[in-house]
*Asks:* 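I'd like to ask you about the structure that follows.
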Protein chains: 2
Amino acid sequence: MKSTIKDVAKKAGVSIATVSLVISDNDRISTETKKKVLKVIKSLNYYPSRSARDLVSKKTGNIGFILTDDHFLRTEPFYTRIFLGSEFEARDGNYYILLTTVRSNYSKNDPLPRFVLDRSVDGIIIAGKVPNTLIDRILEQKIPIVFVDYTTNANCCSQILIDNIHGGILATDHLIELEHKNIGFIGGDINHPSISDRLNGYKQALEKAELNQKRI
Amino acid sequence: MKSTIKDVAKKAGVSIATVSLVISDNDRISTETKKKVLKVIKSLNYYPSRSARDLVSKKTGNIGFILTDDHFLRTEPFYTRIFLGSEFEARDGNYYILLTTVRSNYSKNDPLPRFVLDRSVDGIIIAGKVPNTLIDRILEQKIPIVFVDYTTNANCCSQILIDNIHGGILATDHLIELEHKNIGFIGGDINHPSISDRLNGYKQALEKAELNQKRI
DNA sequence: TTGAAAGCGTTACCAA
DNA sequence: TTGGTAACGCTTTCAA
């Protein structure tokens, strides 16, 4: 049976309030009691119940992570890496990540991710391009969003972006320096800001070099 | 502000007990009240609080998912697919998946995944080969495990396996039928049951065909 | 520095 | 068929 804060309190001979304070590392607890309680906690292998804690603190301790299924299944595990990185950081902050994929052709009638419906997350990370309808509907729910590698005109949210324009310039410049004359551009979904930015950088570099440009 | 079961009860003119019964679709509620309550629920955009629910029901509504980081980051998104599939099914059952990766060289001193420490999951899925130390330590905590594409001698748990031996036979047979004479075998970690099984199938097929075998 | 007790939003039991 | 209420495990005032 999992031990509760009561068990700890009883065994340590203090009140549950004290135990709670020790757990939150409150400074108005004497070093002595703190030490004592801590020892009992360890001996009982006690961990606070997340649900009880969440219930009173009105937090969920979860962060939602949304990407489209095709992004996630890409052979190039770019988004998988971002997901993993998020998980690492979340762990540090004592958060869990709830991942869900949505169809890239998400439509108005598709249901919202469950964690937004039942408010199981304190905030949401959106990685890569997702349908705008979805974003709007989440925004309606007043859940904070952070974008990674995607930008939307809604200037609602923090965005973590790559300098794709500069990347495009650098890549193209490199080829120009090698004295290549016919430099093409292969991109994916041109509607994705990252791709169009790279194309942009590519064009800028070419213009600067006054070369012909060819687009594949 | 998120509405609670109390708000629903008040607006519907019933007790919270009744609302709770309606939510769990209990049959001893008259169709009439049920309809009424359901309408209020919708109008209030009410969703039960997960933490409150978990607290009393002593469930977490979460399933842990463990794999090693290198498995997850593989270019071939095999395990990513398994993860996604699990997520789909979990969704159906109103569960969330908590994913965590562990280092493939997990050692005794590394911490257990947080969700096992604080018991944030009702059960765990382990995909692919993970260190045995880890498995043992989870088992100690009496958390149910299901293995996917990995088997351990501990016959503690359900296991979902691929018939790799037969797969190895099929592949080798195919090449034999094409009259190839020098058939090699390229595998990954030979300690992974899946790989050694395939090698096994390969050998069996060769023996049956009385060919020389070569191993790369 | 510590403790008592209210309250968080549910579920489940027992009455009505 | 419905309602009252204890209980879940914790945090957080307010007192002591």
Side-chain angles (χ1 to χ4, degrees), chain A residues 1-41 44-62 94 96 114-115 117-122, chain B residues 1-41 44-62 94-96 115 117-122:
Chain A
M1 196 49 203
K2 213 192 159 206
S3 45
T4 74
I5 199 173
K6 269 188 198 166
D7 304 324
V8 176
K10 200 191 301 178
K11 183 158 178 189
V14 297
S15 75
I16 64 167
T18 304
V19 177
S20 178
L21 288 178
V22 170
I23 291 169
S24 56
D25 203 25
N26 195 302
D27 18 334
R28 47 181 229 249
I29 293 286
S30 72
T31 336
E32 202 183 351
T33 9
K34 191 179 284 187
K35 217 176 270 177
K36 185 173 58 180
V37 172
L38 249 22
K39 219 170 84 185
V40 175
I41 287 183
L44 249 37
N45 196 26
Y46 165 75
Y47 276 86
S49 143
R50 253 184 25 110
S51 38
R53 193 174 252 189
D54 291 348
L55 178 56
V56 35
S57 66
K58 289 180 168 314
K59 293 218 163 199
T60 68
N62 296 326
N94 252 276
Y96 287 111
R114 193 159 49 96
F115 56 58
L117 286 179
D118 67 8
R119 287 290 201 305
S120 287
V121 296
D122 298 328
Chain B
M1 194 51 202
K2 213 193 160 206
S3 44
T4 74
I5 198 174
K6 271 188 196 164
D7 304 325
V8 176
K10 200 190 300 178
K11 183 159 178 189
V14 298
S15 75
I16 64 166
T18 305
V19 177
S20 179
L21 288 177
V22 170
I23 291 169
S24 57
D25 204 24
N26 195 302
D27 18 333
R28 46 181 230 248
I29 292 286
S30 71
T31 337
E32 203 183 351
T33 8
K34 191 179 286 185
K35 216 176 271 176
K36 184 174 58 183
V37 172
L38 249 22
K39 220 169 85 185
V40 175
I41 287 183
L44 249 37
N45 195 26
Y46 165 76
Y47 276 86
S49 142
R50 254 187 20 113
S51 38
R53 195 175 249 189
D54 291 348
L55 177 56
V56 36
S57 67
K58 295 193 165 302
K59 293 219 162 199
T60 67
N62 296 326
N94 252 276
Y95 271 86
Y96 288 111
F115 56 58
L117 286 179
D118 66 7
R119 288 289 203 304
S120 287
V121 295
D122 299 328

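Convention: sequence-line order gives letters A, B, ...; per-chain numbering from 1. Being a predicted model, the structure only gives us computed values, none of them experimental.
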*Asks:* Looking at Y47(A), I'd like to know if the NZ or CZ of R119(B) sits under 6.0 Å from its six-membered ring centre while staying within 45 degrees of the ring's axis.
*Replies:* no
*Asks:* Can you name the nearest heavy-atom pair linking I41(B) to V8(B), along with the distance?
*Replies:* CG1-CG1, 3.8 Å
*Asks:* Could you report the tightest heavy-atom contact between A9(B) and S15(B), atom names first, then the distance?
*Replies:* CB-C, 3.8 Å
*Asks:* Distance check needed: dT11(C) P versus D54(B) CG, whole Å only.
*Replies:* 10 Å
*Asks:* Specify the separation, in whole Å, of atom CD1 of I41(A) and atom P of dC10(D).
*Replies:* 10 Å
*Asks:* For dT2(C), take OP1 and OP2 only and decide whether either is under 4.0 Å from a side-chain N or O of S30(A).
*Replies:* yes
*Asks:* How many Å lie between NZ on K35(B) and C1' on dT2(D), as a whole number?
*Replies:* 19 Å
*Asks:* Looking at K10(A), I'd like to know if its NZ atom is crowded, meaning that more than 12 non-hydrogen atoms belonging to other residues, nucleotides or ligands lie closer than 6.0 Å.
*Replies:* no
*Asks:* Identify the two heavy atoms, one from Y95(B) and one from N62(B), that lie closest to each other, and give their separation to 0.1 Å.
*Replies:* CD2-N, 3.6 Å
*Asks:* Between I23(B) (CD1) and dG3(D) (P), how many Å, whole number?
*Replies:* 14 Å
*Asks:* Rounded to the Å, how far apart are I16(A) CD1 and dT11(D) P?
*Replies:* 9 Å
*Asks:* Can you check whether Y46(A) has a side-chain N or O nearer than 4.0 Å to OP1 or OP2 of dC10(D)?
*Replies:* yes
*Asks:* Can you tell me if T18(B) touches the phosphate of dT2(D), counting only side-chain N or O atoms and a distance under 4.0 Å to OP1 or OP2?
*Replies:* no
*Asks:* Let me know the distance between CG of N26(A) and P of dT11(D), rounded to the nearest Å.
*Replies:* 12 Å
*Asks:* Can you tell me if S120(B) and D118(B) form a side-chain donor-acceptor pair at under 3.5 Å?
*Replies:* yes
*Asks:* In whole angstroms, how far is the P atom of dT1(D) from the NZ atom of K36(B)?
*Replies:* 14 Å
*Asks:* Counting heavy atoms from C-beta on, name the nucleotide in dG9(D), dA5(C), dT11(C) closest to the side chain of K58(B).
*Replies:* dG9(D)
*Asks:* Is any side-chain nitrogen or oxygen of T33(B) closer than 4.0 Å to OP1 or OP2 of dT2(D)?
*Replies:* yes
*Asks:* Would you mind telling me which of dT2(C), dG3(D), dT12(D) lies closest to the side-chain atoms of I29(A)?
*Replies:* dT2(C)
*Asks:* Within less than 4.0 Å of OP1 or OP2 of dT11(D), is there a side-chain N or O belonging to S20(A)?
*Replies:* yes
*Asks:* Counting N and O atoms only, with roles assigned by atom type, does the side chain of Y96(B) sit under 3.5 Å from a partner on the main chain of F115(A), one being a donor and the other an acceptor?
*Replies:* yes
*Asks:* Looking at the side chain of A17(B), which of dT11(D), dT5(D), dT1(C) is the nearest nucleotide?
*Replies:* dT5(D)
*Asks:* Check whether any side-chain N or O of K34(B) sits under 4.0 Å from OP1 or OP2 of dT1(D), and answer yes or no.
*Replies:* no
*Asks:* Looking at K59(A), is its backbone amide N or carbonyl O close enough to the side chain of D122(A) to form a donor-acceptor pair, meaning the two atoms are under 3.5 Å apart?
*Replies:* no
*Asks:* Using heavy atoms and a sub-4.0 Å distance, could you list which residues of residues 4-13 of chain B are near DNA chain C? By number, please.
*Replies:* T4(B), I5(B)
*Asks:* Where each residue is assigned the nucleotide of DNA chain D containing its nearest heavy atom, which of R28(A) and L55(A) is assigned the position nearer the 5′ end?
*Replies:* L55(A)
*Asks:* Using the side-chain heavy atoms of V56(B), tell me which of these nucleotides is nearest: dC10(D), dA4(C), dT11(C).
*Replies:* dT11(C)
*Asks:* Grab the NZ-P distance between K59(A) and dT11(D) for me, whole Å please.
*Replies:* 14 Å
